[in-house]
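Just so it is clear, the values below take in all heavy atoms, side chains as well, and ignore hydrogens, waters and symmetry mates. By convention here, the first residue in the shown sequence is residue 1.
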Amino acid sequence: MKSRLVVHQSKGSSDQQVSKILFHLAFPVTDLEATKKFYVDGLGCEQGRASESAVTLGLAGHQLVAHLVKESPANQKGIYPRHFGLVFTDEKAWRALADRAKGRGLKFYQQPRVRYPGTRIEHRTFFLEDPSGNLLEFKHYTHESAIFGEKEVAQIGDPE
């Protein structure tokens with residue numbers, strides 16, 4: 001999904017300033033080399049700056065920063081409440097990433113599957129687990145309106 005553009009226009013001015021807004025996420029990791037291998041070699045992220053305690057990564061144009069910690073946070077049971085990832089608007093791109101993850105031997109926490117089949121919130125999803133136990137979800141909605149819409153459907157996530 002491309003980043004949305006925000007256009008700012010001064011009152012009484014015909015000049016427009018266009019700025020691109022990026023999402024930023026910082027998260028803990030216990031091994032920087034394993035992290036780089038997973039995100040750069042495995043997922044195809046762009047590597048940015050790196051130090052002895054952190055590495056900056058580009059994921060679909062957004063900034064991730066993996067910070068080295070001595071102990072990882074306790075692993076959660078299941079996919080909730082903490083995970084992050086991407087929503088694809090193109091199913092072929094979603095499938096290509098799933099195929100890449102399989103081909104690169106990345107650890108699947110949940111294999112690709114369809115959630116809520118036959119509903120307005122139907123989507124394809126899979127979860128990966130990085131070497132530090134962080135969960136990443138990648139999904140594609142059958143109906144793009146479900147990304148932010150379909151407000152009459154109260155279902156969010158799976159029942160615990």
| query | How many angstroms lie between CD in E150 and CD in E144, if you round to the nearest 0.5 Å? | reply | 11.5 Å
| message | Just verifying a value: how many Å separate T142 OG1 and E122 CD, rounded to the nearest 0.5 Å? | response | 3.5 Å
| remark: CG (L128) and CD (Q111) are apart, to the nearest 0.5 Å, by 9.0 Å
| When you measure from the side chain of R104 to the backbone N and O of D41, does any donor-acceptor pair fall under 3.5 Å? | yes
| said: Could you walk me through whether L57 and Q63 satisfy the side chain to side chain contact (heavy atoms under 4.5 Å, CB included) test, starting with their C-alpha distance in whole Å, then the side-chain angles of each, then the deciding distance to 0.1 Å, before giving a yes or no? | reply: CA-CA 6 Å; L57 304 159; Q63 184 190 57; over 6 Å; no
| query | After noting the C-alpha distance and the side-chain angles of E91 and R124, does the key distance pass the side chain to side chain contact (heavy atoms under 4.5 Å, CB included) rule? | reply | CA-CA 8 Å; E91 186 177 353; R124 280 132 192 84; 3.1 Å; yes
| said: To the nearest 0.5 Å, what is the distance between CG on L22 and CG on L59? | reply: 11.5 Å
| note | Residues R82 and Q76: closest non-hydrogen pair is O-NE2, 2.7 Å
| query | Less than 4.5 Å apart, any side-chain heavy atom of L136 and any of F38? | reply | yes
| Flag for T125-E137: side-chain donor and acceptor within less than 3.5 Å | yes
| Looking only at side chains, do Y109 and K107 share a donor and an acceptor under 3.5 Å apart? | no
When the side chains of residues 25-36 are checked against the rest of the protein, which donor-acceptor pairs come out under 3.5 Å, sequence neighbours left out?
from: T30; atom 1: OG1; to: S132; atom 2: OG; distance (Å): 3.4
from: D31; atom 1: OD1; to: E33; atom 2: N; distance (Å): 3.0
from: D31; atom 1: OD1; to: A34; atom 2: N; distance (Å): 3.0
from: E33; atom 1: OE2; to: K36; atom 2: NZ; distance (Å): 3.1
from: T35; atom 1: OG1; to: D31; atom 2: O; distance (Å): 2.7

| task | May I ask you to check whether Y141 and H123 place their ring centers less than 6.0 Å from one another? | result | yes
| query | For K37, does the NZ atom sit with more than 12 other heavy atoms under 6.0 Å from it, leaving out its own atoms? | reply | no
| said: Any heavy-atom pair between the side chains of L97 and F88 that's under 4.5 Å? | reply: yes
Show me the side-chain donor-acceptor pairs of residues 43-52 shorter than 3.5 Å, one per line, residues at least two apart or across chains.
from: S51; atom 1: OG; to: S53; atom 2: N; distance (Å): 3.1
from: S51; atom 1: OG; to: S53; atom 2: OG; distance (Å): 3.4
from: S51; atom 1: OG; to: A54; atom 2: N; distance (Å): 3.2

| said: I want to know whether F108 and F127 have ring centres closer than 6.0 Å. | reply: no
| request: Answer whether the closest heavy-atom distance between the side chains of F84 and L64 falls below 4.5 Å. | output: yes
| task | Establish, from distance only, whether the side-chain atoms of H143 and R120 form a donor-acceptor pair under 3.5 Å. | result | yes
